[in-house]
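Worksheet: one structure, shown below.
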2 protein chains.
Amino acid sequence: MSDNSSDKVISISRLRQACRNCSLRDLCLPMGLSNEDLQRLEGLVGSRGPLRRGDHLFREGDGFHAIYAVRYGALKTYTIDDEGREHVLGFHMAGELAGLDAIYPAEHACSAQALQATSVCAVPFARLESLARDISGLQIHLLRVLSKELGATAHLAADHTAEQRLAGFLYSLSRRLGLRGYSERELHLFMPRRDIASHLRLATETVSRLLARFQQQGLIKVSRKHIELLDPEALRHLGGAMAGAGPEAAERCRGDL
Amino acid sequence: MSDNSSDKVISISRLRQACRNCSLRDLCLPMGLSNEDLQRLEGLVGSRGPLRRGDHLFREGDGFHAIYAVRYGALKTYTIDDEGREHVLGFHMAGELAGLDAIYPAEHACSAQALQATSVCAVPFARLESLARDISGLQIHLLRVLSKELGATAHLAADHTAEQRLAGFLYSLSRRLGLRGYSERELHLFMPRRDIASHLRLATETVSRLLARFQQQGLIKVSRKHIELLDPEALRHLGGAMAGAGPEAAERCRGDL
DNA sequence: CCCGGAAATTGATGTCGGTCAATTGTGTCG
DNA sequence: CGACACAATTGACCGACATCAATTTCCGGG
């Protein structure tokens with residue numbers, strides 16, 4: 001099921017206490033849960049990890065047992081097509097959920113791999129489902145998260161130019177990092193160019209050329225994986241429909257929680 | 001909110017009896033609901049329609065109040081981008097749901113327009129949500145439907161060639177019609193070429209050219225909106241990843257219920 | 001510290017599909 | 001029935017991006 005030696009969900013008591021104190025609580029859980037409800041939820045949550053770079057959290061075809069919330073680190077999800085080429089579906093950073101696309105059919109439709117040292121909370125779905133019936137707000141939260149992802153993917157399907165897609169990607173990545181307390185101006189790309197390209201359906205060469213062009217235009221400053229946004233507004237504008245409808249749309253476009 | 005003169009949800013008693021006898025029941029509802037549960041659900045369901053071709057069921061930006069199941073006819077959902085160009089997100093035929101992407105944020109992210117005379121069941125979401133807590137299977141059904149759509153859109157985002165996309169589209173359309181009791185060999189395209197093109201992110205000219213090519217290759221027989229599949233297997237194969245992983249994946253790729 | 005290999009960049013060339021334009025076919029309404 | 005507006009087809013051309021190929025840069029390990 002995974003690269004990990006221990007593929008069962010480990011519950012370390014230290015970690016089970018997490019939800020109530022977790023700084024990411026408002027990202028992966030519905031707002032305003034009572035302390036009591038949080039406690040019941042904690043009873044379910046195990047942890048998995050730490051995963052090292054390259055380790056898989058789950059693989060395409062694995063049975064679906066849990067949904068995952070990233071504690072720290074970052075994941076990419078991807079599929080392999082008939083010709084053996086990898087397609088990156090998305091990136092998941094701290095506070096974001098992964099595995100939701102496997103609720104039906106009950107097996108994962110993509111693989112999830114750590115891009116760096118990463119740890120996740122694992123919530124067994126069978127029990128989450130029954131808990132959702134009891135805790136007001138949890139059911140609707142799940143539906144909302146799914147619905148939001150759906151809206152985001154829809155926009156992603158629109159046929160933008162390479163320039164629009166990359167500008168939108170950089171801008172929305174900046175917003176997501178900002179939500180998590182990182183700088184919105186100085187990005188650290190935790191994924192290789194190849195993955196960005198695959199995600200945006202471009203060739204790596206095109207990503208490279210566009211980054212160079214953006215830099216030459218004074219929009220960004222590129223140094224390997226370190227990117228400084230000199231003119232975020234221009235990027236947002238370039239991103240067009242993708243990030244055009246204000247910050248909220250930008251967030252929606254990345255499946256934030 | 002809509003083109004209809006009566007934009008409130010009309011409950012005609014004849015129609016409220018529908019669910020228990022509805023031939024589409026197994027498409028839009030979870031399997032195996034008890035007669036009692038069906039009755040409770042019927043209490044919520046109103047109807048809207050009939051809509052004439054061109055009428056809108058809802059428009060982008062409308063408040064979200066209900067999810068809709070198509071009784072007969074067909075809808076397309078679409079958005080308008082910054083440059084005023086229309087992007088068709090999907091087609092919804094009898095037994096399929098629409099409006100799920102609006103659960104969050106609580107307004108519709110796309111417009112839904114009738115492609116022909118169409119009638120829908122409208123289920124007020126607020127009440128559906130509370131009912132889902134009571135009726136075992138309804139909650140998980142909703143989650144599954146959403147999850148399935150999510151998986152479908154993900155595949156749709158992959159960068160296939162124009163040929164692959166159109167072949168996959170024809171094949172999956174055939175499967176969907178088959179599920180509803182129509183012939184899988186003889187399709188009636190209930191949407192104009194322009195909408196097919198927009199949905200597949202192609203120019204209408206390209207769709208036209210490809211249909212001509214498929215016909216010349218002996219794969220299909222085209223006559224206006226009437227299309228006969230002479231070699232469905234070849235189409236499925238051409239469709240590649242989109243319809244390649246067996247019939248189930250083909251269904252998933254169209255958001256069937 | 002240096003080396004091997006992958007990642008990233010840069011350049012040259014090809015091609016798929018979009019755009020523009022002209023023509024034909026068709027459902028609809030006076 | 002005839003005319004009009006729109007849908008569909010077909011052809012010519014072009015541009016954005018992929019592909020192929022050659023360096024260069026950088027990071028991790030001995």
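Residue numbers start from 1 in every chain, and the chains themselves are labelled A, B, ... in the order their sequence lines are given, proteins ahead of strands.
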Exercise for review: Give Arg194(A) one of three labels, base, sugar-phosphate or nothing, depending on what nucleic acid heavy atoms sit under 4.0 Å from its own.
Suggested key: sugar-phosphate
**Study point:** Distance, nearest 0.5 Å, that separates OG1 of Thr206(A) from CZ of Arg165(A)
**Key:** 9.5 Å
Point to revise | Between dA6(C) (P) and Asp195(A) (CG): distance, integer Å | key: 16 Å
Exercise for review: Please determine, for the side chain of Ala203(A), which listed nucleotide (dA18(D), dC17(D), dT19(C)) has the closest atom?
Suggested key: dA18(D)
Review point. Quick one: does Arg209(B) reach the base of dG11(D) with a side-chain donor-acceptor pair under 3.5 Å?
Key: yes
Practice item. Compare all side-chain heavy atoms of Lys76(B) with those of His92(B) and state whether any distance is below 4.5 angstrom. Key: no
Review point. Going by modelled atom types, is there a donor-acceptor pair between the base of dC17(D) and the side chain of Glu163(A) at under 3.5 Å?
Key: no
Check your understanding: Is there a side-chain contact between Asp195(B) and Leu115(B) (heavy atoms, below 4.5 Å)?
Key -> yes
**Study point:** Candidates dA8(C), dT19(C), dA8(D) - which lies nearest the side chain of Ser208(B)
**Key:** dA8(D)
Review point. Quick one: Arg193(B) CZ to dG25(C) P, roughly how many Å, whole number?
Key: 15 Å
Check your understanding: Counting just side-chain N and O atoms, does Thr206(B) come under 4.0 Å of either OP1 or OP2 of dG18(C)?
Key -> yes
Revision key, fill the gap. Taken to the nearest whole Å, CD/Gln116(A) to C1'/dG28(D) is 18 Å
Exercise for review: Name the orientation class of the two ring planes belonging to Phe91(A) and Phe190(A) (parallel below 30°, tilted from 30 to 60°, perpendicular beyond 60°).
Suggested key: perpendicular
Check your understanding: Is the shortest heavy-atom distance from the side chain of Glu149(A) to the side chain of Leu146(A) under 4.5 Å?
Key -> no
Are any protein N/O atoms closer than 3.5 Å to N/O atoms in nucleotides 28-30 of chain C? If there are, list each pair with its distance.
none

Review point. Does the side chain of Arg236(B) reach to within under 4.5 Å of the side chain of Arg175(B), using non-hydrogen atoms?
Key: no
Point to revise | Verdict with reasoning, Tyr68(B) to Leu75(B), per side-chain contact (heavy atoms from CB on, under 4.5 Å) | key: CA-CA 11 Å; Tyr68(B) 302 94; Leu75(B) 302 168; 5.7 Å; no
Check your understanding: When all nucleic acid strands are considered with a 4.0 Å heavy-atom cut-off, which category describes Thr204(B): base, sugar-phosphate, or nothing?
Key -> nothing
Point to revise | Leu211(B) vs Ile227(B) side-chain heavy atoms within contact, under 4.5 Å | key: yes
Check your understanding: Is there a side-chain contact between Arg71(A) and Val120(A) (heavy atoms, below 4.5 Å)?
Key -> no
Exercise for review: Would you mind reading off the distance between Glu205(B) atom CD and dA7(D) atom P, rounded to a whole angstrom?
Suggested key: 13 Å
Practice item. Report yes if the side chains of His199(A) and Met191(A) come closer than 4.5 Å at any heavy-atom pair, otherwise no. Key: no
Study note, to complete from the structure: Leu200(B) CG to dC16(C) P, in whole Å, measures 19 Å
**Study point:** Chi angles and distances behind the side-chain contact (heavy atoms from CB on, under 4.5 Å) call for Leu51(B), Gln116(B)
**Key:** CA-CA 8 Å; Leu51(B) 306 172; Gln116(B) 56 190 242; over 6 Å; no
Check your understanding: Which part of the nucleic acid does Leu202(B) contact within heavy-atom distance under 4.0 Å: base, sugar-phosphate only, or nothing?
Key -> sugar-phosphate
**Study point:** Contact list for DNA chain C against residues 212-230 of chain B - heavy-atom distance below 4.0 Å
**Key:** Arg224(B)
Check your understanding: Given atom CG of Leu166(B) and atom P of dC16(C), what is their separation to the nearest angstrom?
Key -> 17 Å
Review point. So what does Ala162(B) hit on the nucleic acid, given a heavy-atom distance under 4.0 Å: a base, only sugar-phosphate, or nothing?
Key: sugar-phosphate
Review point. Roughly how far, to the nearest 0.5 Å, is CZ of Arg59(B) from CD of Gln113(B)?
Key: 7.5 Å
Revision key, fill the gap. Regarding the side chain of Arg85(A), the nearest nucleotide among dA8(D), dG18(C), dT19(D) is dT19(D)
Point to revise | Bend angle of the helix from dC1(C)-dG30(D) to dG30(C)-dC1(D), end axes from five pairs each (to 10°) | key: 40°
Revision key, fill the gap. Atom CE of Met191(A) and atom C1' of dA8(C) are separated, to the nearest Å, by 16 Å
Check your understanding: Could you give the NE2-to-P distance, from His160(A) to dG17(C), as a whole number of Å?
Key -> 19 Å
Practice item. Indicate yes or no: at least one non-hydrogen side-chain atom of Ile220(A) is less than 4.5 angstrom from one of Leu229(A). Key: yes
